[in-house]
Chemist: 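Below you will find the structure I want to go over with you.
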Amino acid sequence: MLGGIFGGNKQKIKGTVVLMRKNVLDINSILNPASVIDNVFDFAGTLVDAVTAFATSISIQLISSTKADGQGKGKVGTTTKLRGQISLPTLGASEEAYDVNFEWDSDFGIPGAFYIKNFMQNEFYLKSLTLEDIPNHGTIHFICNSWVYNNTKYKTPRIFFANNTYLPSETPAPLVKYREEELKVVRGDGTGERKEWDRIYDYDVYNDLGNPDKSEAYARPVLGGSTLPYPRRGRTGRPKTKKDPNSEKPSDFVYLPRDEAFGHLKSSDFLAYALKSVSQDVLPVLTDAFDGNILSLEFDNFAEVRKLYEGGVTLPTNFLSKYAPIPIVKELFRSDGEQFLKYPPPKVMQVDKSAWMTDEEFARETIAGVNPNVIKILKEFPPSSKLDTQAFGDHTSIIKKEHLEPQLGGLTVEQAIENNKLFILDHHDYLIPYLRKINSSTTKTYATRTIFFLKEDGTLTPLAIELSKPHGQGDEFGPISEVYVPAYEGVEAYIWLLAKAYVVINDSCYHQIISHWLSTHAVVEPFVIATNRQLSVVHPVYKLLFPHYRDTMNINSLARKSLVNADGIIEKTFLWSRYSLEMSAVIYKDWSFVDQALPNDLLKRGVAVKDASAPHGVKLLIEDYPYASDGLEIWAAIKSWVEEYVAFYYKSDEVLQKDPELQAWWKELVQVGHGDLKDKPWWPKLQTRGELVDVSTTLIWISSALHAAVNFGQYPYGGLILNRPTISRRFMPEKGSAEYEALAKNPEKEFLRTITGKKETLIDLTVIEILSRHASDEFYLGERDGGDFWTSDAGPLEAFKRFGKKLAEIEQKLVQKNNDETLRNRTGPAKMPYTLLFPSSEEGLTFRGIPNSISI
C-alpha cells in the first residue's frame with residue numbers, strides 16, 4: 001500500500017500500530033466496573049476527539065538498519081504521529097489499531113528499529129508495529145509487547161527492533177550501537193529504589209521474607225550470599241528494616257521490571273488477585289469464624305470432609321455482612337446468601353471416595369502423583385544415613401528383613417535388591433536436624449522411610465514404614481524409631497493408615513517447598529534476570545528462551561508477599577512452618593542444574609539405567625512409571641526442537657565460543673544468579689553446541705513440563721485433605737494408651753485430630769485450587785505469542801511447527817496409554833488417568849496441560 005511519490009525518490013510507507021490502553025488492563029478497573037474511565041484526557045470531548053487526542057500523543061521515528069549517520073549509528077527518520085483508528089480482523093479483545101504514515105526515501109535504507117514516545121499521563125501497552133511495502137523488501141514486523149510510559153520517565157527513548165534474529169557478530173553495523181545501548185539500559189546501575197515504570201533487571205538475595213520491625217516472631221534469615229545459599233531474586237532496592245539492616249522492608253508495592261507484571265487481559269490477573277484476596281480477605285473471615293465458634297474447629301468424620309465438596313462452607317449472612325463487599329472471584333468466593341467458600345470435588349475422589357485409603361493408590365502417587373520425582377531405588381539394606389554421627393548419633397534404619405520378606409513373594413531381600421524390585425521414599429536425613437524445632441510447637445511428627453516392592457503386575461506396594469523422632473536426651477543419642485507394616489483389620493488398620501499419613505505429610509511439605517517452589521519457581525528466576533541483562537531481544541537464544549519466562553518473576557514476587565513469607569500461607573498450612581524456606585536453602589546446597597535434566601534425574605535416583613537401545617537412551621526399571629515415561633516423550637521433543645534451532649544459528653562450536661552476549665549470559669548466570677553454587681564442578685562450560693542444547697532443553701523442561709507435573713495436580717490430588725494432609729498435630733498412639741483406645745472407638749475422628757486442622761484445610765484448599773488452574777490466554781508448549789512473527793527466519797519457524805505437531809502426536813499416544821488396562825499405574829484405584837503431561841488444555845481446573853512457563 002504505497003503512497004504517492006513525493007518529489008524525487010521520497011515516498012510514504014504505510015504502517016499499522018496495535019496497542020491496548022491502560023484502563024483495559026488494570027485489574028482494579030476490571031474488578032470495579034464503575035472505575036473504567038479513560039482518565040488520560042482531562043477534557044470533555046466526543047469519542048472521536050478522544051481517539052484523535054490519543055493518537056496524536058504518540059510519536060514514532062524509524063531507525064535504519066542499512067544506512068548509518070556520521071557516528072556509525074542507523075539513521076533516525078522524521079517524527080511521525082499516529083493517525084486515525086482503523087479496524088483489523090486480527091485484533092484481539094481490547095486491542096486497538098492505528099494507521100501511521102512514514103516519509104521514506106532510498107537514502108534512508110531498510111528500517112530495522114524504531115523509537116516511540118508517549119506524551120500522555122498514562123502508559124499504554126504496545127503490541128506491534130507492521131510496515132508494509134518497503135521498496136525491494138516487502139513487509140517488516142515489529143513484535144513489541146511492552147508497556148510504554150510517559151516520555152519523561154525514560155532517560156533514553158524506548159526502542160523496538162524488527163523481528164530479525166542476529167548473533168552479535170551478524171548484527172547490521174548501523175544497529176550494533178542501538179543493540180548495545182538497549183542492554184545497558186536494561187541492566188541499570190545497581191543503585192536506588194526501583195520505580196513502577198523501570199525496566200531494570202538486577203539481582204538480590206532473599207532478604208524480604210520477614211518483617212523484624214513487626215516483631216521477633218516475624219524475623220527470618222536472609223537466604224543467599226551466606227551460610228544459607230539460594231538462587232537470586234529480582235532486586236527492588238527498597239529500604240532496609242530498622243531492626244535488621246540486612247532485611248528489606250516489606251511494602252504494598254513490590255517492584256518488577258514493568259513488562260514482567262501480569263499485563264495481559266488474562267484470567268491469571270484474576271488468579272493473582274484471588275491469591276492476594278485469600279490472605280487479605282478470606283483469612284480474616286475464617287479466623288473470626290473459628291475464634292467466635294461459628295465454625296467448629298475440627299472435622300468429626302470423613303463424611304464431614306466430603307461435605308466440603310457438596311455444600312461448601314456457609315456462614316451466617318449477618319456475620320458475612322460486616323466484611324462486605326468480599327471480592328467476587330466467581331470460581332472461588334460467593335457473595336449470595338450464606339455460602340462463603342465452595343470447592344469442586346477433587347479428581348482423586350470423583351469416582352471412588354475411598355480409593356485414597358488403599359496401599360496401591362498410596363504407592364501409585366509416588367510415580368503418578370503430584371510429587372513423582374523423589375522415589376529412589378533401594379540398593380543397600382538396611383538403608384543408611386549421611387548424617388554426622390557425632391552430632392546426630394546412628395541413623396541407620398531399623399527396618400529388618402523380617403519386616404519385608406513375608407511380602408516379597410518368596411524372594412529374599414538380597415534377591416529383591418538384585419532384581420531391582422525394592423524402592424524407597426526417603427524423608428529422613430534432611431528433616432532430622434529440624435525435627436526437634438518443628439516438634440517444639442503445636443505440630444508433632446516424624447522423619448520417615450518407606451520401602452516399596454515392585455510386583456509382577458507392575459504396581460508398587462508399601463512393605464514397611466519407619467517413623468523416627470528425636471531422642472528425649474539429645475540428638476547425639478540417635479533417633480527413637482518404630483517400624484509399621486501393613487494391617488487391614490481393627491485398630492491396627494488405622495495405625496497403618498496413620499503411618500501412611502505421616503509419610504504423605506512429609507511428602508506434601510517436600511513437594512510444595514522443594515519440588516515446586518525451590519526446584520522450579522526459585523531456580524528459574526536467575527535465568528530470567530540474566531537473559532534480559534545479557535542477551536539482546538534480537539539474539540537467537542533470547543528468542544528461544546523468552547516464552548518460558550512469561551509471568552515467572554511476577555508470580556514469584558507475589559509468592560514472597562503472600563505465600564512463602566513469614567506467617568504466610570505456606571507457614572500457616574504446612575508442617576515445616578517458619579523453617580520452610582530455611583530448609584529449602586539447606587537442600588539447595590545439593591541442587592544441581594545438570595540433574596534437573598529428566599534422563600539425568602531418573603539415572604541419579606536409580607529408577608532408570610542407561611540403555612542405548614531404549615527409545616530415549618534410558619530404560620525405566622518401573623516400566624509403568626507415568627511421570628517418567630510421559631516425561632521422556634516430552635523431553636525428547638523439546639530436545640529435538642532445540643537441536644534444530646541451535647544448529648540453524650551456530651554453524652560451529654567456535655561461533656558459540658566467540659559469541660560475547662552468550663558467554664556473558666552464562667558467566668553471570670553461574671557466578672551471580674546461582675552464585676552461591678558457582679564453584680560446583682557440574683556446571684557446563686558452554687563451549688559447545690551440545691552444551692547449549694543441554695542447558696536450553698533443561699531450562700525449558702523445568703519451566704514447562706516439570707512445573708506442570710508438580711503444579712497442576714495440586715488440587716486434583718491434594719484437594720482431598722485426607723489424601724494429602726500437610727500437618728500432623730499428634731504422635732502415633734501407643735498400645736495401651738488412652739489415645740490408642742480412642743482410636744479404636746472412633747478411628748475417623750482421631751485420624752482427623754492428627755492431620756491438618758479444619759481452618760488450615762480451608763486455607764490450603766482455597767490456595768491450591770487457585771494454583772491448579774490455567775489462565776484463559778495461557779500459551780502451551782508448542783505455541784508462541786505473536787504467531788509466526790516472532791522471527792523472520794523461515795528455518796526456525798518450520799522447526800517450531802514440527803515441534804508443535806510432534807507434541808500433538810505425543811498427546812494422542814498418551815491418550816492411548818491411558819486406555820491400556822495392563823498399565824495399572826496410569827489410572828489406579830482412584831480411576832484418575834494420568835494426564836498432567838498432556839501438552840494441551842482448556843482454561844480452568846483441568847489436571848492437564850503444559851504451559852510454556854511458570855505462570856502460576
Chemist: Are any of the side-chain nitrogens in Glu760 or Lys572 under 4.0 Å away from the carboxylate oxygens of its partner?
Modeler: no
Chemist: With under 30° as parallel and over 60° as perpendicular, where do the rings of Trp591 and His674 fit, or are they tilted in between?
Modeler: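 Correct class here is parallel.
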Chemist: Report yes or no: does Glu405 contribute a side-chain atom to a donor-acceptor pair with the main-chain N or O of Val413 at less than 3.5 Å?
Modeler: yes
Chemist: Salt-bridge test for Asp507 and Arg724: reply yes if a basic N is under 4.0 Å from a carboxylate O, no otherwise.
Modeler: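 A salt bridge links Asp507 with Arg724.
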Chemist: Would you call Lys386 and Asp429 a salt bridge, using N to O less than 4.0 angstrom?
Modeler: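 Answer for the salt bridge query: no.
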Chemist: Can the ring centres of Phe527 and Phe593 be said to be less than 6.0 Å apart?
Modeler: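 Yes, they do, as the ring centres are separated by less than 6.0 Å.
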Chemist: Could you check whether atom NZ of Lys817 has more than 12 heavy atoms from other residues, nucleotides or ligands sitting under 6.0 Å from it?
Modeler: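 Yes, because the 6.0 Å sphere around NZ of Lys817 holds more than 12 heavy atoms from other groups.
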Chemist: Below 6.0 angstrom between ring centroids: does that apply to His774 and Tyr780?
Modeler: yes
Chemist: Can a salt bridge be assigned to the pair Arg364 and Glu361 using a cut-off of 4.0 Å between side-chain N and carboxylate O?
Modeler: yes
Chemist: Please report the shortest heavy-atom distance between Ile850 and Ala708, naming the atom on each side.
Modeler: CA-CB, 4.0 Å
Chemist: Looking at CD1 of Ile721 and CZ of Phe299, how far apart are the two atoms once the value is rounded to the nearest 0.5 Å?
Modeler: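 If I round to the nearest 0.5 Å, the distance is 8.0 Å.
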Chemist: Could you check whether Arg802 pairs with Glu644 (Lys NZ or Arg NE/NH1/NH2 to Asp/Glu carboxylate O, under 4.0 Å)?
Modeler: yes
Chemist: Could you list the residues that satisfy salt bridge (Lys or Arg N to Asp or Glu O under 4.0 Å) with Lys639, not counting sequence neighbours?
Modeler: Asp694
Chemist: Side chains of Asp352 and Ser354: closer than 4.5 Å at any heavy-atom pair?
Modeler: yes
Chemist: If you count heavy atoms of other groups shown closer than 6.0 angstrom to NZ of Lys813, is the number above 12?
Modeler: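 At most 12 heavy atoms, drawn from other residues, nucleotides or ligands, come within 6.0 Å of this atom.
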Chemist: Determine whether the aromatic ring centres of residues Tyr446 and Tyr502 are separated by less than 6.0 angstrom.
Modeler: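 Yes; Tyr446 has its ring centre under 6.0 Å from that of Tyr502.
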Chemist: Assess the pair Phe838 and Phe847: is the distance between their ring centroids shorter than 6.0 Å?
Modeler: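 For Phe838 and Phe847, the ring centres are not under 6.0 Å apart.
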Chemist: When you look at CD of Glu821, are more than 12 heavy atoms from neighbouring residues, nucleotides or ligands closer to it than 6.0 Å?
Modeler: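 No - once you tally the heavy atoms of other residues, nucleotides and ligands closer than 6.0 Å, there are 12 at most.
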Chemist: Quick check on Lys604: does its NZ atom have over 12 non-hydrogen neighbours (other residues, nucleotides or ligands) under 6.0 Å away?
Modeler: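 No - once you tally the heavy atoms of other residues, nucleotides and ligands closer than 6.0 Å, there are 12 at most.
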Chemist: Is the closest basic N to carboxylate O distance between Arg824 and Glu360 below 4.0 Å?
Modeler: yes
Chemist: Between Asp630 and Arg826 (salt bridge meaning N to carboxylate O under 4.0 Å), is one present in this structure?
Modeler: yes
Chemist: Please determine whether a side-chain nitrogen of the Lys or Arg among Lys806 and Glu811 lies less than 4.0 Å from a carboxylate oxygen of the Asp or Glu.
Modeler: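 Salt bridge between Lys806 and Glu811, a charged N being under 4.0 Å from a carboxylate O: no.
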Chemist: Between Val642 and Val646, is any pair of side-chain heavy atoms under 4.5 Å apart?
Modeler: yes
Chemist: Run the salt-bridge test on Glu769 and Arg773 with the 4.0 Å N-O cut-off and return the result as yes or no.
Modeler: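 Salt bridge: yes.
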Chemist: Does NZ or CZ of Lys500 lie under 6.0 Å from the centre of the six-membered ring of Phe362, at an angle within 45° of the ring axis?
Modeler: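 Ring-cation test returns yes.
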Chemist: For Gln415, does the CD atom have more than 12 heavy-atom neighbours from other residues, nucleotides or ligands under 6.0 Å away?
Modeler: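 Enclosed.
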Chemist: Using a distance-only test with no angle check, is there a side-chain donor-acceptor pair under 3.5 angstrom linking Thr461 and Asp359?
Modeler: no
Chemist: Verify whether one side chain among Glu778 and Ser855 offers a donor that lies under 3.5 Å from an acceptor in the other.
Modeler: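 Yes, a side-chain donor-acceptor pair sits under 3.5 Å.
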Chemist: For Ser584 and Tyr230, which I'm curious about, is there any donor-acceptor pair between the side chains at under 3.5 Å?
Modeler: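 Short answer, yes.
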Chemist: For the residue pair Leu621 and Gly606, what are the closest heavy atoms and their distance?
Modeler: CD1-O, 3.3 Å
Chemist: Can Thr756 and Thr726 be counted as having a side-chain donor-acceptor contact under 3.5 angstrom?
Modeler: yes
Chemist: Is the distance between the ring centroids of Tyr627 and Tyr834 under 6.0 Å?
Modeler: no
Chemist: Within a reach of under 6.0 Å around CZ of Phe453, are more than 12 heavy atoms found that belong to other residues, nucleotides or ligands?
Modeler: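 Atom CZ in Phe453 is packed in, count exceeds 12.
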Chemist: Is Glu809 atom CD crowded by more than 12 heavy atoms from other residues, nucleotides or ligands, each under 6.0 Å away?
Modeler: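 Buried by this count: over 12 neighbours within 6.0 Å.
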Chemist: Using modelled atom types only, decide if a donor and an acceptor are shared between the side chain of Ser772 and the backbone of Tyr715 within a distance under 3.5 Å.
Modeler: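 Checking the backbone N and O of Tyr715 against the side chain of Ser772, a donor-acceptor pair under 3.5 Å is found.
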Chemist: Find out whether Leu431 and Met583 are in side-chain contact, i.e. whether some heavy atom of one side chain is under 4.5 Å from a heavy atom of the other.
Modeler: yes
Chemist: Look at the side chain of Tyr625 and the backbone N and O of Pro372, then say whether any donor-acceptor pair between them is shorter than 3.5 Å.
Modeler: yes
Chemist: Show the nearest heavy-atom pair for residues Thr520 and Ser515, with the distance to one decimal.
Modeler: CG2-O, 3.8 Å
Chemist: Answer yes or no: is there a donor N or O on one side and an acceptor on the other, between the side chain of His511 and the main chain of Val710, under 3.5 Å?
Modeler: yes
